[in-house]
2 protein chains.
Amino acid sequence: MKKKSITIYDIAREAKVSSATVSRVLAGNYPVKEETRKRVASIIDKYGFQPNAVARSLTKRETRMIGFVLPDITNPFFSQVFIEVEKYALTKGYALLLCNSMNDSEMESKHLKLLAERQVEGIIIMGGRINKSAPDRVEVNELSEIMNSLPVLMINGKIEGLDCYSIRTDEAKGIELIINYLVSIGHEKIALLGGIEGITTTDIKVEAYKSLISRHHLPFVPGWQIYSGFDISSGEQAMDKLLRNNKQDLPTAVIGINDMVVIGALRECGRRKIDLNEFSFVGFDNTNLAEISNPQLTTVSHQYSEIGRKAVDLLLNSKNEKHKNKDVEINPKLEIRDSCYEMIGN
Amino acid sequence: MKKKSITIYDIAREAKVSSATVSRVLAGNYPVKEETRKRVASIIDKYGFQPNAVARSLTKRETRMIGFVLPDITNPFFSQVFIEVEKYALTKGYALLLCNSMNDSEMESKHLKLLAERQVEGIIIMGGRINKSAPDRVEVNELSEIMNSLPVLMINGKIEGLDCYSIRTDEAKGIELIINYLVSIGHEKIALLGGIEGITTTDIKVEAYKSLISRHHLPFVPGWQIYSGFDISSGEQAMDKLLRNNKQDLPTAVIGINDMVVIGALRECGRRKIDLNEFSFVGFDNTNLAEISNPQLTTVSHQYSEIGRKAVDLLLNSKNEKHKNKDVEINPKLEIRDSCYEMIGN
DNA sequence: GTGAAAGCGCTAACAC
DNA sequence: GTGTTAGCGCTTTCAC
């Protein structure tokens, strides 16, 4: 690091021009006489000179960096969103600082603060504080503080009263797609497993579940909606509870709050040597786990690439199109695979 | 962005001190009279002032950023390495720029170049050019060019003649662990599926496989070692080929070049209604897929957190401890789960 | 213990 | 077309 790196001045001196001219050649979109341009370019080439982006950032006040805070990149839902954002950001010349909050609020705060200091041009956040049905006052204040200096965009989350960018899948619609589908193939007894009460993504789904059940005049059995969590073992636990507590009246279809929960539920069935055809399973998120699972999961898919594009566009255009619908909702799609069977005879 | 942000000069003026003093207060490790320190601190607080890290980077010539280039963060092997690196880097005050090369050499080059311009203090690279048994000349030159200005560290890769940092799991040892284990539970007919010839991580494993087979005086059947690729469908294809071409003489154990390939092999067996107990399966990498799989995979585990720590330490200490073993090899461990069964009677 | 001032490497007016 | 110059916001000698 400490080795004196070569600068625009070194190039200028050798090319017998001013630093400004070198800068113009670098920028490419200024009038420079072809002859001098060539001369400068050849010297740049000769030394493999690379302009210092930090210095450029300081003068231009743009870092071309976006911060991305999420709970855990090893979770395929997050990594699939991330990669789409990154791909699209790259086409715009932006790089991403990835910060894993590990579901730790303090860590999340720390990351947010550091990103702001690093002068990222925008922050994308998923999980954590933006998915609390009862937002934490302090956490929200931190966010709104940050929003004073740079645009913040939430993916699949929303905080009432915080006027920031938000883009999310219509999860209620997702549940609707699932239930309509299950009903269409003859199911009337439908369970919903997993999630945690108080997390928006869960609450939205549970509410939609109840409302759809009622709209279809299906039986609503409280014991068929079981909170537990978001990972595989949550799925196992919830399935176990479902089977233990409803011996006389089991559902025929099981919706998981996400793909992972369904995989847990499948495993619990496996452990109990229950024929998987006893139930139809539907996941949520269409992570790559849904394809890895055996059977492959029918699941609700986010439109990942659209989320990625919209997120970056919203963030980067935030300076121009002020207050132009900061709030985008994206339709989910039902991805039908092998985990559901048709009810025959009924 | 364009709103004039508050600077140390604003703080200085209001505190009736010089900017230098504010800077000292910020740094925290300089002698400042307690009284003035408090006064300055309170004003910093009052405005929620956050120093501009870009400006600081320019003067101090340190960005506290590390670049990480890998093929695809949605691949759990990479995300599991990444997250360990990120966690540890954070404790050192470093943030990570994550760049997905999508297995595209040009994209990889572009990322490397941009990271250098951004003045990251080091680059960690996985996949792509660093895993070619016959390295591409141009690609290697790019790397060595970059190594002139900043330290580069390869994870699970190595290029002969490139004197850069490297940290990798002893994969030959991993294969040894697997084969010794399989032999210990009575297997003598062992296949190796997946991978691509010419990719170091494959070549190392294939070579170790052959040498171990011979060391144990087991039969080496060429048709039991099948190249195909690294993903699930590669696993399916390889298993299919194994079953079709060796009808008279099938192995009893199947090693996958990685977990994903084994999951594909399992699926192919499922498709053919082959009892999974017909074969013992062993994966490689111990990604979280190994636990998700049904049955859960016995697999070779990388020591992810150790890799993360060592990688960051090597990179950040590179200025001091010049040329002190730049090359670290880490032992794998065998993670025994449910995908192998003991051969009885033999 | 504190301040003045010179950079860090680049860009952007503004002259010429 | 090209050069001069004044910053961008911070840190760091070097005086005092």
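Each chain gets a letter, A, B and so on, in the order its sequence line appears, and its residues count up from 1.
Backbone-only contact: A:T7 has heavy atoms under 4.0 Å from sugar-phosphate atoms and none from a base. Within 4.0 Å of A:T36, counting heavy atoms only, lie sugar-phosphate atoms of the nucleic acid but no base atom. Residue contacts for A:V17: at a heavy-atom cut-off of 4.0 Å it reaches the sugar-phosphate backbone alone, with no base atom in range. Base contact: B:Y9 has a heavy atom under 4.0 Å from a base atom.
One can place CG of B:L26 at 9 Å from C1' of D:dC10, the figure rounded to the nearest angstrom. Here the P atom of nucleotide D:dT13 and the OH atom of B:Y30 are 7 Å apart, to the nearest Å. Taking atom CG of residue A:N29 and atom P of nucleotide C:dA12, one finds them 9 Å apart after rounding to whole Å. Across the protein-nucleic acid pair, B:I8 atom CD1 and C:dA4 atom P stand 13 Å apart, rounded to whole Å. Going from atom NZ of A:K60 over to atom P of C:dC8 covers 22 Å, rounded to whole Å. The distance from atom CD of B:Q119 to atom C1' of C:dC10 is 11 Å, rounded to the nearest whole Å. Here the P atom of nucleotide C:dC10 and the CZ atom of A:R64 are 17 Å apart, to the nearest Å. In this structure, the CZ atom of B:R61 is 9 Å from the C1' atom of C:dG7, given to the nearest Å.
Checking C:dG1, C:dG3, C:dC10 against every side-chain atom of B:T21, the shortest atom distance belongs to C:dG3. Listed candidates were C:dC10, D:dC14, D:dT11. Nearest to the side chain of B:R24 is D:dC14. Side chain of A:T59, nearest nucleotide from C:dC14, C:dG9, C:dA4: C:dG9. Nearest to the side-chain atoms of B:F49 among the listed nucleotides C:dA5, D:dG3, D:dC10 stands D:dC10. Each of C:dG1, C:dT11, C:dA5 was ranked by its minimum atom distance to the side chain of B:K33; first place goes to C:dG1. Comparing C:dT2, C:dG9, D:dC10 by their nearest atom to the side chain of B:V32 picks out C:dT2. Minimum atom distance to the side chain of A:N52 is reached by C:dG9, of the listed D:dT12, D:dG1, C:dG9.
For the pair B:L58 and B:S19, nearest-nucleotide mapping onto DNA chain C gives the more 5' position to B:S19. Mapped onto DNA chain D by nearest heavy atom, B:S23 and A:R39 fall at different nucleotides, with A:R39 at the one closer to the 5' end.
Classification of B:D10 and B:R13 as a salt-bridged pair holds, one side-chain N sitting under 4.0 Å from a carboxylate O. Salt bridge A:E306/A:R309: absent, no basic N to carboxylate O contact under 4.0 Å. By the 4.0 Å N-to-carboxylate-O rule, B:K110 lies too far from B:D104 to be salt-bridged with it. A salt bridge does not link B:E142 with B:K113: none of the charged nitrogens is closer than 4.0 Å to a carboxylate oxygen. Salt bridge annotation for B:R129-B:E108: present, with a cationic side-chain nitrogen under 4.0 angstrom from a carboxylate oxygen.
Few gaps surround CD on B:E329; more than 12 heavy atoms of other groups in view lie less than 6.0 Å from it.
In this structure, A:E121 contributes its side chain and A:T63 its backbone to a donor-acceptor pair below 3.5 Å.
Note on the helix from C:dG1-D:dC16 to C:dC16-D:dG1: terminal axis deviation equals 40°, with five pairs used at each end and the result rounded to 10°.
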request  = Would you check, one step at a time, whether the test side-chain hydrogen bond (donor to acceptor under 3.5 Å, both in side chains) holds for A:T59 with A:R61?
outcome  = CA-CA 5 Å; A:T59 44; A:R61 273 106 138 239; over 6 Å; no
